[in-house]
Amino acid sequence: MSKRFYITTAIDYVNGQPHLGHAYEKVVADVIARARRSLGEEVFLLTGLDEHGQKVQQAAAAEGKDPQTYCDQLAQDWKAFAEKLGLTNNDFVRTTEARHKEIVQASLAKVNAAGHIYKTTYEGFYSTKEETFLTEKDRRPDGTFDPAYGEVIKLKEDNYFFKLTEQQQWLIDYIESNPSFIQPDHRRNEILGFLRNNTLEDLCISRPKARLAWGIPIPFDTNYVTYVWFDALVNYITVPAAKGDSTISSALSSRPSTLDPRLSLWPADIHVIGKDIVKFHAVYWPIMLKALGLPLPKRLLVHGWWQKDGAKISKSTGNIVDPVTVINELGLDAFRFYVLRELDIGADGNWTDAGFKARYSAELANGLGNLVNRSLSMLKRYRNGVVPARSDELAPDANKVIAETKSLLEQNQLQSALQSIWSLITRANQYVDKTAPFKLAKDPAQAKRLDEVLYNLAETCRILAVLLWPFLPGTAAKINAQLGLNGEPDKFSAATWGGLTAGHQIGEPAPLFPRKDA
Ligand code: MSP
């Protein structure tokens, strides 16, 4: 059984509705997953929800619901959202599922038996709002705590701690000798700087049940539940365990919940995460995995954060972008295109409605849409939609872009891949303007030249459909259908010049991106 390319997203907190930030991360992971499939790999894409913790307990109580009912209802919205984004996830994990609880408990039991967990009394400051213990280091120069922590109380409480301190040097060495583990590089340098200049404090991994009931009971002391990160991070191995991945099953002595087909998934190839949760993934998670006797994921791909109109996205101030509204208005592919084209993975972004509409109009409607529409309409009008004999005038341009796109996709350089693809669109639009097929059509002596131009344009459209498929799957499928081709353009190997054969009858051209008034 060969190992699949295993890619995950962060699992979102279920205490609200999804927004642009959540959507962006999921689309990035989906494009990478689709690209790898197109390039011939077997891929498993995982996304899901993080459902335990005080905030969910409080949000449920505020609505007069028990937490499970509250999560079950919201999970429907989030699953519908994943579909709305066109995600090709192979599973959807929820941390309240039995399969997850089982693996969290098995992990805690193993790590505890191996001596990585101890119980001690904590006495100090605690932020109820952020559900976190604070130390003197968290005080500001004037002695107060950041208002973001809300009310800070004094607390004395017994809890379980996961030992981190002893692992610090090993982790530094690991990150130094595996430069591609944390990408982009500036995030890797940040984590290395943090690890070199601070002493790691052991991680509190429990809350007394009396104070927080909504969590997974600690198997060796059921007066406690495990606290968020030991629960959330484990989702990445829950699904491999459920699918009978042998690396996970042998480390945790777990049995798969589905016997057929068994999959080989671990270690993950990519965890796609936002910049705010790098420390949890780059420090706690590797140490947890080492304690579990499991190999580390190959890569953390860290994306930046979106703002809207230069300000933080926030429900309370109403500064939000609702992806569903955007998608309903201008289509899923327009949304996917804007977020992927606007931001390189790692950089922060700023959504503006004007910027979104400008890209829609310039790059999608006037660029891609216009090229495909005029190419196929002319083929229809001048040759009854019958593909003429092969001609290779644009083949060198197409081949260059095909090679570039392939290499960029292999490096997860999605923005650059789109730029490369658009260079072919621009080239082909210029070719139309230069060769002026509408003029050639008026002169019977130019019939052969017109055939050549029409072939080059139709074949470029076909290649574009293949290159665009991971990014704009709906549009790519439409281009294929308008070309009268069967199936989805979902195999990169089809991006080879000369695929359209003479005599092939194309379908009906129709605008891909109807113009909307700004
Ligand atoms: N539940 C944790 C993650 C656990 S992963 C084992 C969590 N949830 S979250 O809902 O707050 O965030 C989920 C993901 O969305 C994170 O990767 C986060 O960085 C991302 N984003 C949330 N807001 C964002 C923006 N404004 N912009 C881009 N991504 C952002 O953290």
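Atoms within a ligand are numbered from 1 in the order they appear, just like the ligands themselves. The basis for the numbers below is simple: all heavy atoms, side chains too, and nothing from hydrogens, waters or symmetry mates. Starting from 1, each residue takes its place in the sequence as its number.
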Handout entry: L408 CG to L467 CG distance, which is reported to the nearest 0.5 Å
Key = 11.0 Å
Practice task
Show which atoms of ligand 1 fall inside a sub-4.0 Å distance from at least one heavy-atom site of G304.
Solution key: 28 (C)
Handout entry: atom 13 (C) of ligand 1: nearest protein contact (heavy atom, Å)
Key = D12 OD1, 3.0 Å
Practice task
Kindly check if the number of other-residue, nucleotide or ligand heavy atoms within 6.0 Å of CD (E166) is above 12?
Solution key: no
Practice task
Decide whether R37 and T88 meet the rule of one side-chain donor and one side-chain acceptor closer than 3.5 Å.
Solution key: yes
Exercise for the section: May I ask you to check whether H271 and F181 place their ring centres under 6.0 Å from each other? Expected result: no
Problem - Part of W229 with heavy atoms under 4.0 Å of ligand 1, whether side chain, backbone, both or neither - result: side chain
Practice task
Say whether D66 and T69, considering side chains only, have a donor N or O and an acceptor N or O under 3.5 Å apart.
Solution key: yes
Handout entry: Check: K275 N/O within less than 3.5 Å of ligand 1 N/O
Key = no
Practice task
With heavy atoms only and a cut-off of under 4.0 Å, state how D276 meets ligand 1: side chain, backbone, both or neither.
Solution key: side chain
Problem - Identity and separation of the nearest protein heavy atom to atom 15 (O) of ligand 1 - result: H22 CD2, 3.6 Å
Problem - Sub-4.0 Å heavy-atom approach of H19 to ligand 1 - result: yes
Handout entry: Among W285, Y284, F162, the one residue meeting ring-ring contact (aromatic ring centres under 6.0 Å, His included) with F230
Key = F162
Practice task
Kindly confirm or rule out a cation-pi arrangement of R139 over F125, judged by NZ or CZ under 6.0 Å from the six-membered ring centre and within 45° of its axis?
Solution key: yes
Exercise for the section: May I ask you to check if ligand 1 and E25 share an N or O to N or O distance below 3.5 Å? Expected result: yes
Exercise for the section: For atom 8 (N) of ligand 1, find the nearest protein heavy atom and state the residue, atom name and distance (0.1 Å precision). Expected result: Y13 CD1, 3.3 Å
Fill in the blank from the handout: In ligand 1, the atoms that come under 4.0 Å of a heavy atom of D50 are 1 (N), 2 (C), 4 (C)
Problem - Distance-only N or O hit between ligand 1 and A232, under 3.5 Å - result: no
Fill in the blank from the handout: So the atoms of ligand 1 within less than 4.0 Å of a heavy atom of G274 turn out to be 17 (O), 19 (O)
Practice task
Could you tell me the residue and atom name of the protein heavy atom closest to atom 3 (C) of ligand 1, and the distance to it rounded to 0.1 Å?
Solution key: I11 O, 3.2 Å
Exercise for the section: Ignoring angles and geometry beyond distance, decide whether I277 reaches within less than 3.5 Å of ligand 1 through its nitrogen or oxygen atoms. Expected result: no
Handout entry: Donor-acceptor pair between Q17 and D77 side chains, under 3.5 angstrom
Key = yes
Exercise for the section: Please state whether H303 comes within less than 4.0 angstrom of ligand 1, counting heavy atoms only. Expected result: yes
Problem - Residue pair E329 / T325, side-chain donor-acceptor N/O under 3.5 Å - result: no
Handout entry: ligand 1-proximal atoms of N235, by part, heavy-atom distance under 4.0 Å
Key = side chain
Completion exercise
Candidates Y24, Y236, W305; heavy atom nearest atom 21 (N) of ligand 1 found on W305
Exercise for the section: Answer yes if the side chains of D202 and Y118 hold a donor-acceptor pair under 3.5 Å, and no otherwise. Expected result: yes
Exercise for the section: Could you tell me if any non-hydrogen atom of G349 lies under 4.0 Å from any atom of ligand 1? Expected result: no
Practice task
Please check if any side-chain donor atom of E51 sits under 3.5 Å from a side-chain acceptor atom of T95, or the reverse.
Solution key: no
Exercise for the section: Would you confirm whether the ring centroid of F337 sits within less than 6.0 angstrom of the ring centroid of F471? Expected result: no
Fill in the blank from the handout: For W306, the ligand 1 atoms with a heavy-atom partner under 4.0 Å come out as 25 (C), 26 (N), 27 (N), 28 (C)
